[in-house]
Structure formats: structure tokens, C-alpha cells
Amino acid sequence: MNASSNIIFNYIGIFVNLYIWEKSRSIFDVTWFNLILFITWSLAFALGSRLLTRFTTRVLIRMTAACGALTFLLLTTLTLDNRLLWIAIIAVPVGIMWGFYASSQNITLSVFGKGKDFEVYFSIATIIGQAISILNPVVFALIIKWIGYSGSFLLMFVFVAVLMTVSFMIPPITLSTEKKPLFQNMRFSEVFSYPAIRWMVPSCLAAGVFLQFQGLFALIFTFSVSSDKLVIALLNVLYAVSAIIAMVLHRRLNIQGGIWLKVGMVAISAGFLVALLQHSVFLVISNILTTVGLFYFGTVWNSDQFRIISRHTSIEQARILLWRECFLNISRIFILILILNVQELKGPVFVTLLAFALGCALLIPLFSQKSADALRRQNLHIES
């Protein structure tokens with residue numbers, strides 16, 4: 001499921017954004033696409049969680065595949081004079097697709113995952129993701145050069161069909177057996193009822209800011225280096241190789257997760273600062289540093305949070321995950337709204353946003369440590 005969905009998501013993340021960028025090389029257009037995407041994603045995640053109280057994850061993955069098919073159908077056939085409306089219409093099924101996928105994946109992880117399982121899972125998922133990040137961009141860059149964007153959009157239907165097929169093979173997880181409704185006891189104080197889990201809230205808000213800043217500007221930095229699709233693809237391969245090297249170091253060095261998280265956030269912060277130098281070489285170095293940092297962040301931060309979440313019942317996990325996704329996406333949407341005012345990769349607005357993202361990145365280890373300390377004290381209290 002990860003492999004088939006990652007092929008689709010990786011293609012959209014690079015080439016659909018590039019397709020939008022190439023028209024007028026506008027930061028606003030790419031930001032507008034991602035803003036609509038994440039607003040829709042948030043709503044779709046909530047709807048997906050609600051649907052899981054009646055149906056299984058298999059149904060959600062089929063709906064994910066259907067939205068993927070609709071996305072590539074619209075990209076192939078839809079033409080409008082109003083460009084912002086056209087971008088919004090394309091972004092909506094992409095947001096629904098990612099929202100449904102995220103809700104089904106998160107529930108699967110929280111139901112099945114226990115303790116150390118999470119680090120193993122996120123490590124394997126990273127291997128799959130990076131392998132696709134190496135092959136996918138180059139293959140599709142060559143395909144687009146050969147048969148154009150329209151031909152590549154049609155080819156993506158093959159991978160949508162693969163995802164649809166996989167949906168019949170994954171475990172049929174559902175929340176329908178739970179006696180309590182999903183949206184009962186959904187108040188913040190009821191869901192985040194002890195200190196360790198409450199520290200997840202500022203951590204998610206801060207993570208959403210720097211994740212979206214890095215995610216959007218990593219694309220724009222790459223697009224700014226070259227307009228050649230193959231060069232853009234090869235740069236993405238370079239970033240993927242950097243993440244694989246980071247993964248090898250993570251596995252071979254016996255270092256605590258908290259230290260890896262700090263290393264990751266320092267790498268991301270250094271990447272943000274290097275980007276201020278503007279030259280194409282430094283933009284590439286910036287993306288390498290933030291890619292390495294994101295590997296350590298994703299492996300440690302996600303694992304730590306899912307360990308806490310997995311202590312709860314299935315319906316409680318669904319409520320926590322719904323709140324968690326909202327916090328992540330609220331800050332993502334907030335930073336995207338601010339980025340709409342950025343006209344170029346310099347000036348006071350861009351530098352201010354970069355400093356804000358940098359500050360949020362540096363706060364993540366602090367929030368994670370606070371959560372770990374609170375959980376340790378809670379466990380000692382229970383044992384005593």
C-alpha cells in the first residue's frame with residue numbers, strides 16, 4: 001500500500017506542482033494549490049475517521065484510489081480561463097485523497113503498532129519512500145520528455161489501479177465495533193487529559209509550520225535551480241540518497257532517539273539559514289540538509305507520538321489522531337496563507353517567515369522532551 005500510494009503522491013508532489021509552476025513561475029500559484037489541498041485534507045481526514053465507524057480501511061483506500069483517478073482525469077481534460085479556480089478544482093480531489101489515506105494509515109498504525117514496532121515500521125516505510133523517490137522522478141521526467149504531461153497523467157491510471165487492487169488485500173480495520181460514537185467526548189480536555197499527551201499539541205503546531213515551509217520551498221528552490229525536468233528529477237534523487245545515508249547512520253550508530261531528533265532539527269535549521277545565500281548551489285545544499293533532518297524528525301518524532309497514542313483504546317486513538325491532524329494542518333494552513341504574500345526568495349517577508357519556521361523547528365526537541373519526562377513521571381507514579 002505504501003509503495004503504490006507513494007508513487008502517486010511523489011508524482012503529484014513534484015510534477016503536478018511543477019506543472020502549475022511552469023505556467024507563470026509564480027510562488028502564489030503553487031502556494032494556492034497547497035493551501036486548498038490542506039484545507040480539503042483536514043476536512044477529508046475528519047470525514048474519513050467518521051467513515052471508519054461504519055466501514056473498513058479497505059473502503060477508504062478504494063475512495064483514495066478513486067480520487068486519484070479523478071485528479072488525473074481533471075488534469076487531462078479540464079481547461080478554464082480562471083487559473084485560480086482551475087488550480088482549486090485540481091487541489092480538491094488531491095486533498096481528499098491524502099486525507100482519506102492519512103486517516104486509514106494512522107488508524108492502522110495505532111491499532112496494530114506496539115512499542116518498538118513503530119520505529120521498525122517508519123524505518124521500512126522510509127526505505128520504500130526513498131527508493132521511490134530515487135526511481136520515480138527520473139522515470140517520469142523521461143516519460144514527460146517523451147510523451148508530455150498528458151501522457152504521464154494517463155500513465156498514472158496504472159498506479160491508481162494498483163492501489164485499488166491493493167485495497168482488497170490490506171487488513172479490514174474498522175471502528176464500527178466500538179460502542180461509543182467517534183464524536184462523543186471529543187472536547188479538548190477529555191481527549192488530552194494528562195500532561196504527556198498535552199505536550200503533543202504545541203509540538204504538532206510547531207511541526208506543521210516548519211514542515212510546510214520546508215515542503216513548499218524545497219520544491220520552489222529546486223524549480224528555481226533549473227527548468228529542465230530531468231535536472232529537477234536528478235536533484236530529487238540526490239535528496240533521496242542523502243536521506244538513505246542518514247538512515248544508514250541512524251541504524252549503525254547506537255544513539256538515543258532524543259539525540260537523533262536534536263540532530264535532525266539542527267540540520268533543518270542549518271538548511272533554512274543556508275537558503276538565505278540564494279545561489280543555486282546553496283539552495284541545493286539547503287534541501288539536502290533539510291531532507292536529512294526530516295528523516296530523523298519523521299522517524300523519532302512520529303514513533304514517540306504513536307507510542308503514547310497506542311496506550312489508548314481504538315476509539316480514543318481515533319479521537320487523538322483527529323485532533324492531532326487538525327493541529328498539524330491548522331499550522332500548515334496558517335503558514336501557507338502567510339506565504340501567499342511572498343513574491344520572491346528574498347526580502348523581509350520571506351526572511352521573517354524563515355525565522356519563524358526556524359524557531360518552530362528548534363522548539364520541537366524541547367516539547368518532545370517535556371512529553372517524555374511527563375510520561376516517565378506518570379509511569380513511576382502508577383508503579384508506586
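All figures in this text were calculated on a predicted structure; none of them were measured in a lab.
Side-chain atoms of Ser269 do not come within 3.5 Å of backbone N or O of Leu362 as any donor-acceptor pair. Judged by distance alone, the side chain of Tyr296 and the main-chain N or O of Ala246 form a donor-acceptor pair under 3.5 Å. Remark: the backbone N or O of Gly271 is paired with a side-chain donor or acceptor of Ser286 at under 3.5 angstrom. Of the possible donor and acceptor atoms, one in the side chain of Thr64 sits under 3.5 Å from a partner among the backbone N and O of Leu60. Thr76 places no side-chain N or O within 3.5 Å of a backbone atom of Phe153 that could act as its donor or acceptor partner. Not one N or O on the side chain of Ser371 forms a donor-acceptor pair closer than 3.5 Å with the backbone of Phe367. With hydrogens and angles disregarded, a donor-acceptor distance shorter than 3.5 Å links the side chain of Ser331 to the backbone of Phe327. Using a distance-only test at 3.5 Å, with no hydrogens or angles considered, no donor-acceptor pair links the side chain of Asn10 to the main chain of Asn6. Between the side chain of Thr57 and the backbone N or O of Ser104 there is no donor-acceptor pair closer than 3.5 Å.
We find that Arg307 and Asp304 are joined by a salt bridge, their nearest charged nitrogen and carboxylate oxygen being less than 4.0 Å apart. The pair Asp29-Lys23 does not meet the salt-bridge criterion, since no charged nitrogen lies less than 4.0 angstrom from a carboxylate oxygen. With salt bridges taken as basic N to acidic carboxylate O contacts below 4.0 Å, none links Glu316 and Arg319.
Under a hydrophobic clustering in which Ile, Leu, Val, Met, Phe, Trp and Tyr are joined whenever their side-chain heavy atoms come within less than 4.5 Å, directly or via other members, Leu363 and Val209 fall into different clusters. Hydrophobic clustering keeps Ile330 apart from Leu322 (ILVMFWY residues linked when any side-chain heavy atoms are closer than 4.5 Å, directly or through intermediates). In terms of hydrophobic clustering, with Ile, Leu, Val, Met, Phe, Trp and Tyr side chains grouped at heavy-atom distances under 4.5 Å, Phe9 and Tyr239 are assigned to a common cluster. The hydrophobic cluster containing Leu211 does not contain Val266, counting ILVMFWY residues as joined when their side-chain heavy atoms lie under 4.5 angstrom apart, directly or transitively. Connection of Leu78 to Ile12 is established within a shared hydrophobic cluster, with ILVMFWY side chains joined at heavy-atom distances below 4.5 Å, either directly or through further cluster members.
For the pair Phe356/Ile335, a side-chain contact is recorded, criterion being any heavy-atom separation below 4.5 Å from C-beta on. Counting heavy atoms from C-beta on, the side chains of Leu235 and Asn287 never come closer than 4.5 Å.
Closest heavy-atom contact between Ala207 and Leu328: CB-CD2, 4.0 Å. Between Ile27 and Trp21, the closest heavy-atom pair is N-CZ3, 3.9 Å. In terms of heavy-atom proximity, Trp86 sits nearest to Ile20 at CZ3-CG1, 4.2 Å. Nearest heavy-atom pair, Phe100 versus Leu47, reported as atom, atom and distance to 0.1 Å: CZ-CD2, 3.9 Å. The two residues Ser4 and Val162 have their closest heavy-atom pair at CB-CG1, 3.8 Å. Considering every non-hydrogen atom in both Thr174 and Phe55, the closest pair reads OG1-O, 2.8 Å.
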Arg58 vs Ser167, test: side-chain hydrogen bond (donor to acceptor under 3.5 Å, both in side chains). Steps then yes/no.
CA-CA 5 Å; Arg58 290 181 174 183; Ser167 71; over 6 Å; no

Take Ile268 and Leu289 through the side-chain contact (heavy atoms from CB on, under 4.5 Å) test and state the conclusion after the steps.
CA-CA 6 Å; Ile268 288 171; Leu289 287 169; over 6 Å; no

Dump the intermediate steps for ring-ring contact (aromatic ring centres under 6.0 Å, His included) on His312 and Tyr194, then the final yes or no.
CA-CA 12 Å; His312 294 258; Tyr194 55 95; 5.7 Å; yes

Could you go through the side-chain hydrogen bond (donor to acceptor under 3.5 Å, both in side chains) check for Glu325 and Trp41 one step at a time?
CA-CA 9 Å; Glu325 199 74 12; Trp41 179 336; 3.0 Å; yes

Please assess Leu84 against Phe28 for the test side-chain contact (heavy atoms from CB on, under 4.5 Å), listing each intermediate value before the final yes or no.
CA-CA 10 Å; Leu84 291 184; Phe28 184 94; 3.6 Å; yes

Under the criterion side-chain contact (heavy atoms from CB on, under 4.5 Å), I'd like the reasoning laid out for His279 against Leu283: C-alpha separation, chi angles, the key distance, then a yes or no.
CA-CA 6 Å; His279 190 275; Leu283 294 180; over 6 Å; no

Run Phe38 and Gln212 through side-chain contact (heavy atoms from CB on, under 4.5 Å) and show every step you take.
CA-CA 10 Å; Phe38 278 105; Gln212 191 52 54; 2.9 Å; yes

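Taken to the nearest 0.5 Å, the OG atom of Ser103 stands 8.0 Å off from the CD1 atom of Ile61. Between Thr71 atom OG1 and Ile89 atom CD1 the span is 12.0 Å, to the nearest 0.5 Å. For the atom pair CG (Leu261) and CD1 (Ile364), the distance works out to 7.5 Å, reported to the nearest 0.5 Å. With rounding to the nearest 0.5 angstrom, the OG1 atom of Thr40 is 6.5 Å from the CG atom of Leu37. The structure places CZ of Arg187 at 11.0 Å from CH2 of Trp323, a figure rounded to the nearest 0.5 Å. With rounding to the nearest 0.5 Å, the separation of CG in Leu154 from OH in Tyr149 is 15.0 Å.
Separation of the Phe33 and Tyr19 ring centroids does not fall under the 6.0 Å cut-off.
Cation-pi geometry between Arg332 and Phe213 is not satisfied (NZ or CZ under 6.0 Å from the ring centre, within 45° of the ring normal).
Note: Phe297 and Phe210 have perpendicular aromatic rings, judged against thresholds of 30 and 60 degrees for the angle between ring planes. Ring orientation note: the planes of Tyr11 and Phe15 are tilted relative to one another, at an angle of 30° to 60°.
Checking Trp301 against Ser203 by side-chain atom types alone, a donor-acceptor pair falls below 3.5 Å.
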